[in-house]
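See below for the structure under consideration.
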Amino acid sequence: LNAYMMFDGAPGQERFNLARERFLGIKTLQGVAQLKRQLLEALSHAGIAPHGLRASAVESMGRRDGTDGVRAALGQRYQAPQELLCSLISAALFPQVAYLHAPMTKKGPCASELVRLHIREPTGESSEPQVACLHPSSVNSSVGGGGWYS
């Protein structure tokens with residue numbers, strides 16, 4: 001995030017130099033900017049961000065001030081709800097914060113019904129994982145324990 005923020009705040013040719021010095025892919029950083037604009041448009045359409053924002057309009061705002069345009073489109077006063085930010089970060093980090101737990105049995109592999117999804121404890125106070133449940137609308141909700149791949 002810090003690398004992207006530095007890249008986004010750098011003017012003109014300095015962006016390319018910054019990326020080269022830090023071994024960052026310029027196309028990847030430009031892709032992050034495009035993804036941010038598309039996400040902002042989707043959030044606007046859903047009513048979470050200010051209404052009527054389009055990715056192309058946000059991009060043109062960004063060209064004027066030399067950034068990706070997202071902060072300019074939102075204005076510095078706009079604060080996203082904390083719950084929304086936590087949900088987006090959790091969804092993006094799903095593979096890194098969740099894992100499958102299959103208890104050991106004396107007879108070998110456990111039954112698929114015993115396979116559980118564990119997540120790291122959200123506050124970080126405990127090293128013990130928590131059992132998690134998938135939302136019914138998740139694409140993974142219909143997958144049984146035997147269908148999960150690690």
Side-chain angles (χ1 to χ4, degrees), residues 1-103 112 115-150:
L1 182 62
N2 287 337
Y4 177 76
M5 297 302 286
M6 288 173 57
F7 171 79
D8 190 43
Q13 185 64 32
E14 194 175 314
R15 288 176 156 207
F16 295 96
N17 295 337
L18 182 93
R20 193 173 309 114
E21 288 168 5
R22 289 173 173 75
F23 302 102
L24 302 171
I26 191 72
K27 296 257 185 204
T28 302
L29 293 168
Q30 290 170 338
V32 169
Q34 183 62 30
L35 188 60
K36 278 180 67 178
R37 289 187 290 267
Q38 290 172 359
L39 179 60
L40 180 60
E41 183 175 342
L43 292 173
S44 174
H45 183 70
I48 297 169
H51 183 70
L53 294 175
R54 296 274 181 221
S56 57
V58 173
E59 184 175 10
S60 67
M61 281 183 202
R63 281 196 199 112
R64 280 184 247 136
D65 69 354
T67 65
D68 60 18
V70 172
R71 275 186 260 148
L74 289 174
Q76 297 297 345
R77 297 181 316 247
Y78 182 77
Q79 285 285 356
Q82 192 67 24
E83 296 83 13
L84 172 66
L85 294 177
C86 288
S87 297
L88 288 171
I89 290 170
S90 295
L93 294 175
F94 173 70
Q96 287 82 22
V97 297
Y99 63 93
L100 295 176
H101 175 70
S112 62
V115 175
R116 298 284 181 251
L117 180 67
H118 283 189
I119 60 170
R120 293 185 184 148
E121 202 272 319
T123 61
E125 295 173 2
S126 171
S127 61
E128 291 297 314
Q130 293 182 341
V131 175
C133 297
L134 294 174
H135 192 276
S137 66
S138 170
V139 296
N140 292 323
S141 67
S142 62
V143 178
W148 287 92
Y149 297 103
S150 300

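In this text the structure is predicted, and so the values were computed from the model without any measurement.
Put simply, CG on D68 and CG on L29 are 11.0 Å apart, with the number rounded to the nearest 0.5 Å. Here CE of M6 is found 9.0 Å from CG of L24. Values are rounded to the nearest 0.5 Å. Taking CG of L18 as the start and CD1 of I26 as the end, the distance is 8.5 Å to the nearest 0.5 Å.
The closest side-chain heavy-atom distance from F7 to V32 is not below 4.5 Å.
When all heavy atoms of T67 and D65 are compared, the pair lying nearest together is OG1-OD1, 2.8 Å.
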Would you list the atom pairs, donor with acceptor, under 3.5 Å between side chains in residues 43-59 and any protein atom, with sequence neighbours excluded?
from : atom 1 : to  : atom 2 : distance (Å)
S44  : OG     : P50 : O      : 2.7
S44  : OG     : G52 : N      : 3.0
S44  : OG     : L53 : N      : 3.0
R54  : NH1    : E41 : OE2    : 3.2
E59  : OE2    : R63 : NH2    : 3.2

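The side chain to side chain donor-acceptor pair (under 3.5 Å) contacts involving residues 10-25 comprise D8-R15, N17-R20, where partners must be two or more places apart or lie in separate chains.
By the side-chain hydrogen bond (donor to acceptor under 3.5 Å, both in side chains) test, Q30 is found to be paired with no residue, residues two or more places apart in sequence or in another chain being considered.
Between the R37 side chain and the G69 main chain, no donor and acceptor come within less than 3.5 Å of each other.
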